[in-house]
Structures are given as C-alpha cells and as structure tokens.
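What follows is a short report on a single structure.
The chains referred to below are lettered A, B, ... by the order of the sequence lines, with proteins before strands, and numbering in each begins at 1. Values below: every heavy atom of this structure, side chains too, minus hydrogens, waters and symmetry copies.
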Protein chains: 2
Amino acid sequence: MAPSLDTIFAALSDPTRRAILTMLLEDDMAVTDVAEPFEMSLAAISKHLVILANAGLIAQEKRGRVKWCKLQPDALREASVWMQGFGQFEAINLDAFERFLETELAPAALPGPDEDAGEEAPGR
Amino acid sequence: MAPSLDTIFAALSDPTRRAILTMLLEDDMAVTDVAEPFEMSLAAISKHLVILANAGLIAQEKRGRVKWCKLQPDALREASVWMQGFGQFEAINLDAFERFLETELAPAALPGPDEDAGEEAPGR
DNA sequence: TCCATGTTCAACCGAAGGGTTGAGAATGCC
DNA sequence: GGCATTCTCAACCCTTCGGTTGAACATGGA
C-alpha cells in the first residue's frame, strides 16, 4: 500500500529518524552501522528503520547477513508537494513552476548515493 | 521559541489537523466554525488548534468572544526547506497539490460533503 | 442583571510511541 | 559442526496522544 501522509509525517517527527535519513543521504548503510553513532540499543534503531520503511522513506534490502538501508526520496517528495501548497498558494512562482516541469519530464533518477545534494540537510 | 521540526512534523501527522490547515487555506475561521464539520467534540478541536499554534502553523487572535484562526505558512516553509536536502522538489505541482487536497478532504477527514461553513470574514 | 454563546480547563480513559532486555533466527567463516 | 555476527521478535515499562465529559471562564446582548 502507498504510505499515507499520516505515516510519512509521523516518521519525520522523530529526531533520531531524521538523523538516520541525513546519514543515508551520504551513502547506503547496514543496520549496525546506522545504529553505531546513537546511544540506544540496536533493537530500537531496528524499530526506527521499520517505521521509516513503512513510510516509504527508505528501502531495505537483505544481502547475506546484512540488511542494507537506502534512501527513497519519493515519499518525501509527496509530503513536500503537500506542504508547499500552503507556502506558495497565493503567489505562484511561474519560473519555479517551469523548473518543476523540467524535473518532472526528466528521467527519474535512481536514488544513488553519489547524488550531489549540494547542501547538507540541517540536523536537529 | 521557534517551533522545532519535531513539533511541526508531529502536528502535520494527524489527518484532522491537516484538514484544518486545508480549511484555513480558504479563509480565517473561528474555533466553532472549524469544529463544525468534524464529528468530534469542540474541546478536541480546541486541543488540535493549540497543537497547530504551538507548531507555529496557525496564529490565533481573540476578538471579543471569538477566537480567529489563521494560517501561518512560515513553519511549513521551514520544514519544506529541511526536505529539500533530500531531493529536487523546489517547485509546486499544482495538479499534484489538488490531488492531495482531494485525498485529504475526501475519505474520513471530513465526514460530510456538505461542508457549507458559511462563516464570515474576520474583519468587521 | 440574567442568559446565551464561545472557548478552554481538568480529570479521566484507552491506545500508540519510544525505549529497554533477553531470547531467538539466519547467515558467513573456520 | 561450531561459533561469531547481524538483525528481529516478544515481553515489558513509562510517557504521550487523541478523545471524552462536565464544569468553568469570558464576553455580548436582552
């Protein structure tokens, strides 16, 4: 099922989970490596990852013993579209809209780790 | 204090609160009028409005007996900025936005299709 | 002044959230 | 096979959340 906005925003409301997303922006990671910088149990991180996966924010793929986590920004995109409707509803920036259309028509980029984010996402 | 991303995303994670924001997109509303289309108590709606105000998503101003609620999209923009680290969605897709508005308004967020609020503009 | 209207407060309730611990279940390596 | 590594499951604990109800507070109008 497609993750709902409920699930997406709830997943984003926890600072640990946002930090995990920021880490995954750099590279795909195994569960143990995701958990390493946090001062909480591995089981807790595992739960957080399940929540992120249910929200469609990450994908998890098991290779051997190791489960790899990678960012999946489509859900974020949905939520962003919903939000930006409030900020720019009165005055639509036509230039920005045209730029959006271009990115819409462009081939969907595979969410690889080598994506140049340009600017690091703010932490908490 | 500036509302944290925790607070903002948590406020957005509830369908009732997102429906309220959508309603306020049309016009400023009094608390009673906000509560009218929902099948829950006025006190519950009042709590939701407090949560939205604490998140900086709405502002509340009391004139006489009536407390008017109005959208305050700055907090949304802040959260939107955080998200932009994860992808390139700097522009708004109006079609997608309308789609989301429909999916938000249609199912269970608002009980009846006859949401003839009929509220008056705050200035008078 | 008395009463209706608009909104919040306080106490409560059940469910969900975020954390722990300990016991598994897979898998890879010797 | 035996063992370490990786990750999840299950049971619990405590707090927060979303809702209710009834009372209270504040204001405007007769």
CD of B/Glu36 versus C1' of C/dT7: gap in Å, rounded?
17 Å
The reported gap from CG in A/Leu42 to CG in A/Leu49 (rounded to nearest 0.5 angstrom) is 9.0 Å
Give the rounded distance in Å between these two atoms: CG of B/Asp6 and P of C/dG17.
16 Å
Respond yes when some side-chain nitrogen or oxygen of A/Ser46 is under 4.0 Å from OP1 or OP2 of D/dC7, and no when none is.
no
B/Leu49 CG to C/dT7 C1', straight-line distance once rounded to whole Å:
10 Å
Distance, rounded to the nearest Å, where B/Ile58 contributes CD1 and C/dT7 contributes P:
12 Å
Gap separating the CG atom of A/Leu57 from the CD1 atom of A/Ile51, nearest 0.5 angstrom
11.0 Å
So, B/Arg18 and A/Asp6, do they make that salt bridge, N to O below 4.0 Å?
yes
Hey, are the side chains of B/Trp68 and B/Arg63 touching, using non-hydrogen atoms and a 4.5 Å cut-off?
yes
Contact letters for nucleotides 18-24 of chain D, in which S counts primed atoms plus P, OP1 and OP2 and B counts the base, heavy atoms under 4.0 Å
SBBB---
In whole angstrom, give the distance that lies between atom CZ of A/Phe38 and atom P of C/dT20.
12 Å
Pairwise side-chain contact, B/Leu12 with B/Leu76, heavy-atom cut-off 4.5 Å (strictly under):
yes
Decide yes or no for A/Met40 and A/His48: does some side-chain heavy atom of the first lie under 4.5 Å from some side-chain heavy atom of the second?
yes
Just the table, please: protein N/O against nucleotides 27-30 of chain C N/O, every pair under 3.5 Å.
residue : atom : partner : partner atom : Å
C/dT27  : O2   : A/Arg65 : NH1          : 3.4

Taking side chain as C-beta onward, heavy atoms only, is B/Val31 less than 4.5 Å from B/Val66?
no
How are the rings of A/Trp82 and A/Phe9 set to each other: parallel, tilted or perpendicular (split at 30° and 60°)?
perpendicular
Check whether any side-chain heavy atom of B/Ser13 sits under 4.5 Å from a side-chain heavy atom of A/Ser13, and report yes or no.
no
How many Å lie between CD1 on A/Ile45 and C1' on C/dT20, as a whole number?
13 Å
How long is the line joining CD of A/Gln60 and C1' of D/dT6, in whole Å?
13 Å
